[in-house]
Amino acid sequence: MILAARIIAGIVGLLHVWIFVMESILWMRPAIFKRFGVRSREEAETLKTAFLNQGFYNLFLAIGALLGAILFEMKPGFAPPIMVFACASIVGAGLVLLFSGGKKLMRAAIIQGLPPLIAIVLLVAANG
């Protein structure tokens, strides 16, 4: 179960690296900003700084999930707690998305929050 938790946390980390790329690097491409519900280039320009910031939050969470998963056994004093913290933070952000966006953002909230929750549950179950 620990290996499954680490793999899921790693996938979660990779997903958040991709989210960082979309929000912070590729943001002004219409295919990208429209994916986030932004309708026009002008609106995307207005939101550019906020999404740049949000993208870096996602990158930092990704680093925590990835490093925790990769270094899990090599650094047992800090890697597992970092992985759990990153995953728990992503679950929390998914809950905020779910409760603030309602039904229209439910799918995004589930995609964001369910995998890291599964990783945490598997880790807890493995440790009794």
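Since we're looking at a predicted model, the values are computed, not measured.
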Nearest heavy-atom pair of [X] and [Y]: which atoms, and what distance?
X	Y	value
A69	G10	CB-N, 4.1 Å
R6	E73	NH1-OE2, 3.4 Å
M83	A65	CG-O, 4.0 Å
I120	A88	CD1-N, 3.5 Å
L67	A79	O-CB, 4.4 Å
R35	M22	NH1-SD, 3.2 Å

Can you get from [X] to [Y] by hopping between Ile, Leu, Val, Met, Phe, Trp and Tyr side chains that sit under 4.5 Å apart?
X	Y	result
V96	V91	no
M28	L26	yes
I7	L123	no
I63	Y57	no
I111	L105	no

Return the [atom1] to [atom2] distance between [X] and [Y], rounded to the nearest 0.5 Å.
X	Y	atom1	atom2	value
I90	L95	CD1	CG	12.5 Å
L47	L52	CG	CG	12.5 Å
R107	Q112	CZ	CD	13.0 Å
I8	L15	CD1	CG	13.0 Å
L66	L59	CG	CG	9.5 Å

* Which pairs count as ring pair (Phe, Tyr, Trp, His ring centres under 6.0 Å) when at least one residue sits in residues 7-33, sequence neighbours excluded? ->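 Qualifying pairs: F20-F56, W27-F36, W27-F51.
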
* To do: With the side chain counted from C-beta on, respond yes when I82 and K75 share a heavy-atom pair under 4.5 Å apart, and no when they do not.
  => no

* To do: Apply side-chain hydrogen bond (donor to acceptor under 3.5 Å, both in side chains) to E23 and list each qualifying residue two or more places apart in sequence or on a separate chain.
  =>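 Q54, N58.
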
* N53 side chain to T49 main-chain N or O, any donor-acceptor pair under 3.5 Å? ->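 Not confirmed, N53 side chain does not pair with T49 backbone.
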
